[in-house]
Protein chains: 2
Amino acid sequence: MARVGESVGSGHRLGRRAIPTLKKITEAFEQFLHGQKLRLTKQRLEILRLIYATHKHVSAEELYDRLHGDGRASALRISRATVYRTLSLMAEGGFVQALEIGRDRGTLYEHTLGHEHHDHMICIECGRIIEFHDDELEQVQARAIKRQGFREVSHRLNVWGVCARCQKAGKSGSGGGPVSAERGRDQAGD
Amino acid sequence: MARVGESVGSGHRLGRRAIPTLKKITEAFEQFLHGQKLRLTKQRLEILRLIYATHKHVSAEELYDRLHGDGRASALRISRATVYRTLSLMAEGGFVQALEIGRDRGTLYEHTLGHEHHDHMICIECGRIIEFHDDELEQVQARAIKRQGFREVSHRLNVWGVCARCQKAGKSGSGGGPVSAERGRDQAGD
DNA sequence: CTTCTAGATGAGAATGGATCTCAATCCAGA
DNA sequence: TCTGGATTGAGATCCATTCTCATCTAGAAG
C-alpha cells in the first residue's frame, strides 16, 4: 500500500530537476502500478498524459471536460468516477499533488515529477496562483520542523495576498475592489 | 463587506499575546460588527462564545451539534445556515481562521484572538494536529515572500508527517504500516 | 493464442458539506 | 415605541466527490 508521500522516491526516482519525458513518466507510472499490483489501463494512461501535458493547476472536472472535448479522446470514454479514482491514485503515488487552495471550486491538482517542490502565492485580487521556491526558506522550515520532533513527509505553504501585477494596477488600495472575475484563464496551449 | 484578511488589524487590536477575556473578545466583535454596520445578534454571540471556549479545531457541524447539545443553548435555536454564515463572517473579521487540513471532513476552524500565529503539523499516523510557531521561520518566510514582490495578507503552512509520539510508538517504520484510520485506496472491500 | 478472473470502469445514484431562498423575526437608530 | 432593513430558520438546492454494481478487460497462466 502506498504511503502518503514516502512512496515518492522509493521506486521512480527520475530526475529531480530535469524535465522528464512523457515516456519516462509513463514508465515510472507503470512501475508504480506494477509494484502495487494494479493494472495499467488506457484510462489511467490517458489521464496521466493529459495532466502532464497541462502546465497549470486543474480540477478533476476540468480534466473530465478536456478528456471529452479532445477529438482523440472521443474514442475512449472516461467517466467522472475514473478521473477521481485515478487522480487519487496518482496522488498516492506522488505523480500529482492536490493543492487545496481555499477556493470555492473543488480541489486543484498539479503534476509533480520533474517539478521541483514549490510553494504557492494566491492573489486575492485576480485569483492567479503563483509558484515560487526559496532554498533558504525550505532549509529553515525543515530545521524548525525537526526541532519539534516531527518527522516530515510533506508540507504545503500557501500565501494569500496581492501579486505584484495587481499592486501596480493600483487596485490593491483599500476599498471594496471586486475580487477579480473568476479565474485568470491562462490556458496553456498544451 | 469586509475584505478578506485586511480587515484584521483595523479595528480590534487587542493583545497580541495575552489571552483576552471573553469580555474583551465580545467587545472586539461588537466593534467589528458595528464598523461593518452589522448587527449583534444572540446567535452570533453564542457562536462566538462557543468557539472561544473551545480549544481545539472544530468543524461547523461540530459547533452546530454542540449548540444544541448544551442545555443552556436549548432555548436558542441556531440553524446550520447561521453557523456557516457566522463562521464565515468571523473569518472575515479575523476572529477565526479556517484550517483546510486536507482531511475528508469539512473545514476546521480555530479562534485567533489571543492566539499567536502558528503553523500546523498533521500526524498521518494518529491524525493529531499539532500547532507550532517558529520566529526564525516566520521571518525568513516573510522575507522570501516579499522578495517575490508579493504583498502578503496571510499564509498557512501545513506539515504532514509523523509526530514524536508515534515515532516512539515505533509505528513509524517503513513497511506498510496501517495509516491510522483512513484507507488509502478508494476501492471498497478489502 | 485462448482462458480465466480479480481488478477496473461507466453510469448514475447517493452522500454530505456548504449555500441559497424567502417568509418570519429581530436589532437598533430615530 | 416605531419601523425598516438586517438576520434567521427550515429546508430546498447545489455541487464536488464517492459509492454501487453490472459489465468489461488487463494480463498472468496454460
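Below, chain A is the first sequence line, B the second, and so on; all start at residue 1.
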Once you round it to whole Å, what is the distance between P of C:dT9 and CG of A:Leu45? 11 Å
note: A:Arg85, atom CZ; C:dA11, atom C1'; distance rounded to Å ~ 10 Å
Spacing of A:Leu40 atom CG relative to D:dC24 atom P, expressed in whole Å: 21 Å
If you look at every strand shown and take non-hydrogen atoms under 4.0 Å, does A:Thr107 touch a base, only sugar-phosphate, or nothing? sugar-phosphate
In whole angstrom, what separates B:His68's NE2 from D:dT8's P? 13 Å
Closest listed nucleotide, where the reference is the side chain of B:Gln43 and the choices are D:dT7, C:dA18, D:dT8: D:dT8
For a quick check of understanding: with a heavy-atom distance under 4.0 Å over all strands, which category does B:Arg80 fall into, base, sugar-phosphate or nothing? nothing
Does any donor atom in the side chain of A:Gln97 or A:His115 lie under 3.5 Å from an acceptor atom in the other side chain? no
Can you tell me which nucleotide in D:dC19, D:dT7, C:dA8 comes closest to the side chain of A:Ala81? D:dC19
A:His57 and A:Glu62: side chain donor to acceptor below 3.5 Å: no
If the threshold is 4.0 Å, N to carboxylate O, is there a salt bridge linking A:Glu46 and A:Arg49? yes
B:His34 has a side chain; which of C:dG29, C:dA18, C:dT9 sits nearest to it? C:dG29
Is it the case that the side chains of B:Glu116 and B:His133 hold a donor-acceptor pair, with the cut-off being a distance below 3.5 Å and no angle test? no
Taking only N and O in the side chain of B:Tyr84, is any of them less than 4.0 Å away from OP1 or OP2 of C:dA18? yes
